[in-house]
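Below: one structure, written as structure tokens.
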Amino acid sequence: MTKRDFIDSCNFSQAEMQYMAELGLKLKAAIEHGYYPPLLKGKSLGMIFDQSSTRTRCSAEAAMTELGGHALYLAPGQIQLGEGGHEGLADTSRALGDLLDIIGVRTASQEDVEEIAQNSRVPVVNFMTDDDHPTQALGDLITIKEYLPEGKKLSEVKLVFVGDATQIAVSAIYLCAQMGMQFVQYGPKSKQMPKKVVEKAQKIADKTGGTITLSEDEAVLKNADFIYTDVWYGLYDQELNKDEYMKIFYPKYQVNDELIAKTENPNVKFMHCLPANRGEEVSASVLEGEKSIAWEQAANKKAAMRAVFVYLLNANFATDADSIKIASQYQSELQEILEQRP
Ligand SMILES: NC(=O)OP(=O)(O)O
């Protein structure tokens, strides 16, 4: 079977995204009830992190552990790759592909992730670049499905992304296009989604029935089912400083109680990829309020990681007679010695 990579939020079809979200929900339910399916037993994930991360790193590592696998954190300076190292991207990817079962990468350059995927014989997962954050998109889909407005289908959902066209906004526009949802970016003209992103998303939306709107007009907030935002500055390279960003976005694009009221939807939910800057892109009252599902969204990053790893590794339970016989033989021998503990 040809290996698959998850390096672009549009890599997988609507059916595959739906499937992975359902798989993520099933695995989540099993684990919440105490059953840890050993679907990744013996599998190793290499995690190349060029930038810091809390949620992506910890969710990937914990997901591997819970499903019986193992994750290796490969920070700058710990492997031969990078500044001061002795090996380039292509050779490192080749070596890691021969040693490990799957690779995750967080780095600024989307092209670097593509190069790793080209040179490695194992699946590669984009753990965020400046251009996209596909595992965030899948986690967001899982969260949206969990909080789907009563009586609505996914294709009837309206998601309004408020503020800057960050890579989180890009993964959200691709997700909405892929799932046939209504996507709106409510943000200042100078910070709206680049043309090439909109064209790519529109091409997909034309097939799925999704819609895409970019606007500075607050009227677009009306009837939103989900209001989503991200930080305005400070996380990524070559960005403006805080004063410059505040001038562009504040106060119009801060998600606060007043902005939420403009949706005129009492059941609207608030999403944030986190980390958040209270008092800037979101007020503390909204982030911690009853409409916020940002913390559940963060927890669902692990649901997404489990599903992506199981899907890409084509993991399955051993069901053939030989495997069952071997497992049962070793299980009883091990049980015997465990009971003989002096
Ligand atoms: N949302 C997200 O990707 O968080 P981290 O940067 O902490 O991984």
Side-chain angles (χ1 to χ4, degrees), residues 1-9 11-12 16-17 19-21 23-24 26-28 30-31 35-50 53 55-76 78-82 85 87-107 112-129 133-139 301-320 322-324 326-327 330:
M1 187 183 260
T2 329
K3 72 136 175 162
R4 296 283 301 279
D5 304 299
F6 191 28
I7 54 183
D8 180 317
S9 292
N11 269 160
F12 291 115
E16 286 177 308
M17 290 296 280
Y19 174 81
M20 285 198 292
L23 178 62
K26 288 261 187 296
L27 289 166
K28 180 178 174 178
I31 288 173
Y35 174 58
Y36 291 74
L39 284 162
L40 301 179
K41 199 168 83 178
K43 301 292 182 193
S44 293
L45 162 74
M47 306 190 297
I48 303 173
F49 274 90
D50 233 8
S53 162
R55 281 145 286 269
T56 308
R57 177 201 167 170
C58 296
S59 60
E61 191 161 337
M64 287 302 291
T65 305
E66 288 171 348
L67 300 179
H70 174 67
L72 297 87
Y73 181 59
L74 309 172
Q78 293 187 345
I79 52 176
Q80 302 283 12
L81 179 68
E87 200 163 39
L89 210 50
D91 285 356
T92 299
S93 312
R94 188 170 164 183
L96 291 180
D98 289 340
L99 294 166
L100 304 171
D101 300 287
I102 185 162
I103 298 169
V105 193
R106 172 171 289 197
T107 189
D112 282 358
V113 180
E114 282 161 14
E115 190 177 339
I116 294 170
Q118 274 157 19
N119 286 285
S120 157
R121 63 185 186 85
V122 300
V124 172
V125 183
N126 177 352
F127 279 173
M128 195 177 88
T129 64
H133 198 358
T135 61
Q136 182 75 41
L138 181 61
K301 294 209 60 150
K302 194 161 65 167
M305 291 295 183
R306 293 183 195 120
V308 169
F309 300 153
V310 167
Y311 191 71
L312 291 180
L313 290 170
N314 201 21
N316 215 326
F317 294 107
T319 49
D320 60 290
D322 281 351
S323 300
I324 291 169
I326 292 167
Y330 282 98

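Within the model, atoms CZ of F12 and CE of M17 stand 8.5 Å from one another, a figure rounded to the nearest 0.5 Å. How far OH of Y73 is from SG of C58: 9.0 Å, rounded to the nearest 0.5 Å. Taking CG of L96 as the reference point, atom CG of L74 lies at 6.5 Å (rounded to 0.5 Å). From L99, atom CG reaches atom CG of L72 across 9.5 Å, with rounding to the nearest 0.5 Å. Expressed to the nearest 0.5 Å, how far CZ of F309 lies from CG of L45 amounts to 4.5 Å. With values rounded to the nearest 0.5 angstrom, T92 atom OG1 is found 9.5 Å from I103 atom CD1.
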Could you walk me through whether N126 and D8 pass the side-chain contact (heavy atoms from CB on, under 4.5 Å) check? CA-CA 7 Å; N126 177 352; D8 180 317; over 6 Å; no
Between R57 and K301, is a side-chain contact (heavy atoms from CB on, under 4.5 Å) present by the stated rule, with each step listed? CA-CA 10 Å; R57 177 201 167 170; K301 294 209 60 150; over 6 Å; no
Under the side-chain contact (heavy atoms from CB on, under 4.5 Å) criterion, do R306 and I31 qualify, and how do the steps go? CA-CA 11 Å; R306 293 183 195 120; I31 288 173; 3.3 Å; yes
Derivation and outcome, side-chain contact (heavy atoms from CB on, under 4.5 Å), residues M305 and T135: CA-CA 7 Å; M305 291 295 183; T135 61; 3.6 Å; yes
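Although no hydrogens or angles enter the test, the distance criterion places a donor-acceptor pair under 3.5 Å between the side chain of K3 and the main chain of A117. No donor-acceptor pair under 3.5 Å is formed between the side chain of R4 and the backbone N or O of L312. Of the possible donor and acceptor atoms, none in the side chain of D98 sits under 3.5 Å from a partner among the backbone N and O of A95.
Nearest heavy-atom pair, D5 versus V124, reported as atom, atom and distance to 0.1 Å: OD1-N, 2.8 Å. Across every non-hydrogen atom of K43 and D101, the tightest pair is CA-OD2, 3.2 Å. The two residues G97 and S120 have their closest heavy-atom pair at CA-OG, 3.7 Å. Here the closest non-hydrogen pair linking H70 and M64 is O-CE, 3.6 Å. Residues P134 and S9 share a closest heavy-atom pair of CA-OG, 3.2 Å. Among all heavy-atom pairs drawn from N11 and E16, the shortest one is O-OE1, 4.4 Å.
Aromatic ring centroids of Y311 and F6 lie 6.0 Å or more apart.
Annotation: side chain of L39 is in contact with side chain of F317 (closest heavy-atom distance under 4.5 Å).
Each of V125, I48, T56, D50 was evaluated against R106; a single residue qualifies, T56, per the side chain to side chain contact (heavy atoms under 4.5 Å, CB included) test.
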